[in-house]
Amino acid sequence: MNHPSLNGELIDLRAGDYQARIATAGATLVHLRRQGRDLVIPFDAEESLPGAWQGKTLAPWPNRIAGSCYTYRGVDYLVPCNEPETGAALHGLVGWTNFAVGSGSGPDDGAAAGSASASAVVLTLGLPASYAYPWALEVTVRYELDARTGLTVTTTATNAGAAVSRSVGVVGAPVEGGDPAPAPYGVSCHPYLTRSVPLDECSLQVPARRILDVDSRMAPAGERDVTGTECDWRAGRLVGATATDNAYTGLPEGEWQVRLTGGEGERSVVMSAAVPWVQVYSGEHLGRRGVAVEPMTCPPNAFNTGQDLITLAVGQSHSFTWRLWEED
């Protein structure tokens with residue numbers, strides 16, 4: 001069913017043994033359960049806000065823009081700082097914006113989202129151009145539950161237009177050859193995988209060969225190989241007291257998987273995606289009850305470095321898909 005709340009509309013989905021709740025504010029995954037077991041750290045969306053970006057959709061950039069400013073094709077932009085301790089602009093512009101429930105919601109038989117049989121919902125957002133990001137985006141996020149494969153989420157963004165500067169002092173998109181430059185773009189998500197026991201008691205497997213170190217303000221400070229370090233999760237190992245809040249890369253080509261194993265029956269919660277980066281955060285702000293696994297199309301500060309940055313010409317779209325399920 002659908003409920004109004006502090007986090008927008010709450011939409012419940014079900015398929016087989018899986019249940020999910022989605023909040024329209026930030027296109028947020030509130031909870032995901034199988035046979036009553038939590039696959040992600042849940043929160044009470046009717047009474048409180050998510051902690052530490054739980055379940056949010058992250059666009060048009062994931063992670064941080066260092067110093068809350070970026071230079072793109074010769075033009076400087078200032079972005080609102082939402083992480084004062086680092087001075088960074090964190091996790092994009094849509095995480096606290098209310099999406100609308102769009103067409104295509106509900107299962108294949110046409111039942112409406114929020115009905116007893118709903119297994120899918122499509123959320124839509126028109127992100128207007130701004131001084132911080134002078135491109136307009138049409139964003140859709142589709143959540144779909146399947147009794148066999150679990151949760152599949154696809155975020156699609158389309159460049160709907162660019163604002164150009166017509167007067168001195170008004171920022172706009174760079175102009176190249178008489179046309180506005182394409183929009184810089186990156187995307188991710190922010191679920192915290194859990195086994196409902198302390199993270200220290202779980203095993204984590206991340207198939208990444210390299211880690212991006214950060215400085216005291218969480219800005220990138222260089223890549224290194226994980227071999228022989230406590231951040232080598234490729235074979236899967238007990239987390240113990242290890243702490244990490246880093247981007248990892250050197251992932252397998254195509255789709256890769258991250259596994260968190262432990263708790264009742266030593267089952268695994270598995271996330272898969274096919275992007276070149278993944279942020280792994282050991283969840284200290286949530287009491288280490290789980291691990292944030294954030295597949296990212298680009299690394300932190302990509303709006304400044306250009307590394308793996310997607311660009312979208314007017315009318316061009318990009319889609320990003322990730323999946324989450326439980327293995328017995």
Side-chain angles (χ1 to χ4, degrees), residues 8 24-28 53 56-84 86-100 102 123-141 154-190 217-220 275 277 294 296-320:
T24 55
T28 298
W53 295 83
K56 294 288 188 181
T57 296
L58 313 178
W61 69 86
N63 214 286
R64 294 168 177 85
I65 296 178
S68 296
C69 59
Y70 65 99
T71 300
Y72 178 67
R73 303 201 179 191
V75 178
D76 297 331
Y77 300 95
L78 294 176
V79 187
C81 173
N82 59 357
E83 193 177 53
T86 67
L90 182 63
H91 289 331
L93 299 171
V94 307
W96 303 96
T97 302
N98 202 32
F99 285 66
L123 304 178
T124 65
L125 174 69
L127 179 70
S130 65
Y131 294 151
Y133 187 81
W135 294 269
L137 298 181
E138 296 294 338
V139 183
T140 66
V141 183
T154 299
T155 301
T156 301
T158 302
N159 183 347
V164 297
S165 177
R166 299 299 186 190
S167 60
V168 176
V170 178
V171 72
V175 176
E176 300 173 342
D179 295 320
Y185 180 74
V187 62
S188 183
C189 56
H190 211 302
R217 296 178 71 81
M218 296 300 291
V275 290
W277 294 86
E294 308 160 46
M296 305 186 297
T297 57
C298 59
N301 206 33
F303 270 37
N304 278 306
T305 66
Q307 186 176 7
D308 290 329
L309 189 65
I310 295 163
T311 59
L312 297 176
V314 174
Q316 189 175 7
S317 299
H318 174 271
S319 290
F320 156 67

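Predicted, not measured: the structure shown is a model, and the values here were computed from it.
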Query raised in the report: Any donor-acceptor pair under 3.5 Å linking the side chain of Tyr70 with the backbone of Val75?
Result: no
Query raised in the report: Which value, rounded to the nearest 0.5 Å, describes the distance between Asn159 atom CG and Leu127 atom CG?
Result: 11.0 Å
Requested in this report: Begin from the C-alpha positions of Lys56 and His91 and carry the test side chain to side chain contact (heavy atoms under 4.5 Å, CB included) through to its verdict.
Outcome: CA-CA 9 Å; Lys56 294 288 188 181; His91 289 331; over 6 Å; no
Query raised in the report: Hey, does Leu137 have a side-chain heavy atom less than 4.5 Å from the side chain of Pro60?
Result: yes
Query raised in the report: Does any N or O in the side chain of Ser319 come within less than 3.5 Å of the main-chain N or O of Thr156, such that one atom is a donor and the other an acceptor?
Result: no
Report task. Determine whether Ile310 and Cys298 make a side-chain contact, defined as any pair of heavy atoms from C-beta on separated by less than 4.5 Å. Result -> no
Report summary line: Shortest non-hydrogen pair, Ala313 vs Pro182, comes out as N-CB, 3.6 Å
Query raised in the report: What's the shortest heavy-atom distance between Thr86 and Arg64, and which atoms?
Result: OG1-NE, 4.2 Å
Report summary line: Which of Trp135, Tyr185, Phe303 passes ring pair (Phe, Tyr, Trp, His ring centres under 6.0 Å) with Tyr72? Answer is Trp135
Query raised in the report: Does Ser165 reach the main-chain N or O of Val171 with its side chain, forming a donor-acceptor pair under 3.5 Å?
Result: no
Report task. Starting at CD of Glu294, measure out to CG of Leu58 and round the result to the nearest 0.5 Å. Result -> 6.5 Å
Report task. Would you name the heavy atoms of Gln307 and Trp277 that are closest together and state the gap between them? Result -> NE2-CZ2, 3.4 Å
Requested in this report: Taking the side chain as every heavy atom from C-beta outward, state whether Leu93 and Trp61 have any pair of such atoms under 4.5 Å apart.
Outcome: yes
Query raised in the report: Nearest heavy-atom pair of Glu138 and Ala160: which atoms, and what distance?
Result: CG-CB, 3.9 Å
Report task. Could you point out which residue of Val141, Thr28, Leu125 forms a side chain to side chain contact (heavy atoms under 4.5 Å, CB included) with Thr57? Result -> Val141
Query raised in the report: With distance as the sole test, does Ser68 use its side chain to make a donor-acceptor pair with the main-chain N or O of Ala89 at under 3.5 Å?
Result: yes
**Report entry** Main-chain N/O of Thr71 paired to Asn304 side chain as donor or acceptor, under 3.5 Å
**Finding:** yes
Query raised in the report: Any side-chain heavy atom of Tyr77 sitting closer than 4.5 Å to one from Pro134?
Result: yes
Query raised in the report: Is the side chain of Asn98 donor-acceptor paired with the backbone N or O of Ala25 at a distance under 3.5 Å, no angle test?
Result: yes
Requested in this report: Answer whether the closest heavy-atom distance between the side chains of Thr155 and Val139 falls below 4.5 Å.
Outcome: yes
Report summary line: One should read off an interatomic distance between Phe320 CZ and Cys189 SG, to the nearest 0.5 angstrom, of 4.5 Å
Query raised in the report: Could you walk me through whether Leu90 and Met218 pass the side chain to side chain contact (heavy atoms under 4.5 Å, CB included) check?
Result: CA-CA 11 Å; Leu90 182 63; Met218 296 300 291; over 6 Å; no
Report task. Kindly give the heavy-atom pair with the smallest separation between Val164 and Pro180, and that separation in Å. Result -> CG1-CB, 4.0 Å
Requested in this report: Write down the atom of Gly102, the atom of Thr124, and the distance for their closest heavy-atom approach.
Outcome: CA-CG2, 4.1 Å
